[in-house]
There are 2 protein chains.
Amino acid sequence: MEDTPPSETAAPKGTVTQRAIERIKAMIGDGLLEPGQRLPTERDLAAQLGISRSSMREAIRALTVLGVLEARHGSGIYVTQLSAGDLLETFGVVADLSRGTRLVELLEVRRILESTAAALAAARITPEQLALVEGHLAAMNATDDPEEILAHDLAFHRAIASAAGNETMAAILEGVSSRTFRARVWRGYQEEGAFARTRREHAAIHRALLARDPEAARAAAAAHVGEVEQWLRAQVNT
Amino acid sequence: MEDTPPSETAAPKGTVTQRAIERIKAMIGDGLLEPGQRLPTERDLAAQLGISRSSMREAIRALTVLGVLEARHGSGIYVTQLSAGDLLETFGVVADLSRGTRLVELLEVRRILESTAAALAAARITPEQLALVEGHLAAMNATDDPEEILAHDLAFHRAIASAAGNETMAAILEGVSSRTFRARVWRGYQEEGAFARTRREHAAIHRALLARDPEAARAAAAAHVGEVEQWLRAQVNT
DNA sequence: CGGCTCAAGTGGTCCGACCACTGCGATGAC
DNA sequence: GTCATCGCAGTGGTCGGACCACTTGAGCCG
């Protein structure tokens with residue numbers, strides 16, 4: 001059932017701030033504002049849309065956290081490059097605030113995407129990208145500092161995702177693997193002496209990439225994430 | 001020249017608004033604020049953090065667009081249920097502002113997730129869920145109104161994603177398939193008389209679900225999304 | 001010519017006032 | 001006693017103005 005819109009001259013949908021957000025989003029969507037371009041000042045924008053500067057600032061702040069705009073103190077407001085990384089940065093918030101079952105679901109999504117990314121990377125990876133992967137693999141095995149291991153672990157997977165040639169997928173994986181997310185899950189996982197297993201699994205992924213074997217890479221990556229996933233699933237069901 | 005800045009007691013990282021956002025996020029992350037719970041008033045919150053109400057409002061607005069908070073005029077500010085749908089609603093913004101190559105990448109992500117979702121659904125779908133899928137399939141075939149077809153098409157895929165049993169994955173697919181996104185892509189796609197093909201592909205997915213054949217469902221869904229993906233890829237390369 | 005100063009412009013913050021809406025207790029009809 | 005109605009206190013929403021912090025670039029000085 002639908003209720004017919006009473007009037008169409010003025011669409012008083014929601015708050016003025018919400019309308020301002022939509023207006024600016026529409027300007028960018030319609031190409032009136034190009035990536036990297038500087039917007040009018042807050043005061044001018046507010047005047048243009050007929051709202052107060054306070055409301056306009058809220059709209060700008062909203063678009064800032066969404067990765068659409070970037071405010072530089074003393075300089076002006078700019079449209080971001082609207083890259084996948086810019087717009088998907090907020091994805092990390094989801095991971096940060098997720099608990100229990102949702103963490104398992106996120107890991108399942110990661111397993112699906114990461115295994116495919118590994119398969120694509122096996123077919124496309126360049127020698128330079130492969131060297132980067134090997135560098136993080138070696139660094140990961142050369143230390144016992146959990147913090148450092150985690151950092152190189154993240155970089156290891158990021159390099160593979162990047163080599164898959166899909167920036168959007170890489171950005172999503174980046175969010176799902178956000179630092180706080182992994183730190184929370186891995187804290188418990190690694191306490192059970194899973195370091196050796198993790199290193200074996202990483203080595204297996206690397207071997208598959210080296211052999212340029214997509215299916216082997218897919219299987220190795222799926223198994224790697226799946227291990228953590230199963231462990232976490234057991235934890236949640238406790 | 002002057003001596004070094006004296007500030008050391010407080011770590012003034014970024015703007016006060018940004019700090020307020022982090023503080024509230026931390027409160028939720030630490031469990032001090034439960035889903036659905038009502039927050040103190042804007043005025044009280046501002047006083048607690050020692051900032052002005054304006055800055056606090058910007059922080060609240062930011063967390064509102066992120067799907068973390070919900071402000072009800074005249075009533076108060078509440079923490080959302082923090083469901084996958086709440087937090088991933090912003091994902092639609094990515095789809096809305098994407099152009100060219102990124103649209104292809106988004107479709108590739110959708111193909112990966114949707115094919116897996118179909119496979120999972122084939123194994124898990126309940127009779128009730130299957131009936132829902134069939135309902136939208138029939139409705140889609142019973143009309144020629146593009147708007148109505150699009151609506152039932154979305155619902156068709158949403159029902160399958162829901163039956164896969166991973167709310168997070170379903171929410172991501174919902175964002176990737178946002179109304180404006182599909183409307184933009186499909187406008188051109190369907191103009192080339194792809195209605196018949198689309199109906200065949202939907203029927204194939206439904207058959208696989210009915211037969212409870214995960215691999216067939218995976219293949220059918222991948223082929224379905226892949227068709228659009230290949231068409232769009234050709235458009236972009238023009 | 002090069003480096004420096006400084007003023008204009010911009011985003012960041014704060015304040016106080018008022019409006020629009022919600023929720024609920026007081027009120028009164030039945 | 002029950003229930004509908006009214007009105008008020010409290011809350012988020014909007015506004016306007018003031019001032020602060022920072023960037024930028026033109027103009028000055030050496």
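Lettering of chains follows the sequences in order, A, B, ..., and the numbering in each one begins at 1.
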Quick one: is [N] close enough that its OP1 or OP2 comes under 4.0 Å of any side-chain N or O from [X]?
X: A:Ser75; N: D:dT23; result: no
X: A:Ser55; N: D:dC15; result: yes
X: B:Arg53; N: C:dC18; result: no
X: A:Thr17; N: D:dG13; result: no
X: A:Arg72; N: D:dC22; result: no
X: B:Arg38; N: C:dG23; result: no

Would you say A:Trp231 and A:Leu107 make side-chain contact, with heavy atoms under 4.5 Å?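 Of all side-chain heavy-atom pairs linking A:Leu107 with A:Trp231, none is under 4.5 Å.
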Rounded interatomic separation in angstrom, taking [atom1] from [X] and [atom2] from [N]:
X: B:Arg43; N: C:dG16; atom1: CZ; atom2: C1'; value: 11 Å
X: B:Gln18; N: D:dA21; atom1: CD; atom2: P; value: 20 Å
X: B:Glu42; N: D:dG10; atom1: CD; atom2: P; value: 16 Å
X: A:Arg19; N: D:dG13; atom1: CZ; atom2: C1'; value: 12 Å
X: B:Leu49; N: C:dC14; atom1: CG; atom2: C1'; value: 15 Å
X: B:Leu45; N: D:dT11; atom1: CG; atom2: C1'; value: 12 Å
X: B:His73; N: C:dC21; atom1: NE2; atom2: P; value: 7 Å
X: B:Arg57; N: D:dC15; atom1: CZ; atom2: P; value: 11 Å

Select base, sugar-phosphate, or nothing to describe what B:Ile60 touches, counting heavy atoms under 4.0 Å on all strands.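 Counting heavy atoms under 4.0 Å across all strands, no contact is made by B:Ile60.
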So A:Ser54, base contact, sugar-phosphate only, or nothing? Heavy-atom distance under 4.0 Å.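 Answer is base: heavy atoms of A:Ser54 come under 4.0 Å of a base.
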A:Thr126 versus A:Gln129, side-chain donor and acceptor atoms under 3.5 Å: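 Short answer, yes.
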Plane angle bin for A:His136 and A:His152 - parallel if under 30°, tilted between 30 and 60°, otherwise perpendicular: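 Geometry flag for A:His136 against A:His152: tilted rings.
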Is it the case that the side chain of A:Thr143 and the backbone of A:Met140 share a donor-acceptor pair, with hydrogens and angles ignored and the cut-off at 3.5 Å?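 No.
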Residue whose closest nucleotide on DNA chain D lies nearer the 5' end, A:Ser52 versus A:Tyr78: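 Closer to the 5' end of DNA chain D: A:Ser52.
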Please round to the nearest 0.5 Å and tell me the distance separating atom CZ of A:Arg99 and atom CG of B:Leu82.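 Between A:Arg99 CZ and B:Leu82 CG, I get 9.5 Å after rounding to 0.5 Å.
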Ignoring hydrogens and geometry beyond distance, is the side chain of B:Arg61 in donor-acceptor contact with the base of D:dG13 at under 3.5 Å?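 Side chain to base: no pair below 3.5 Å.
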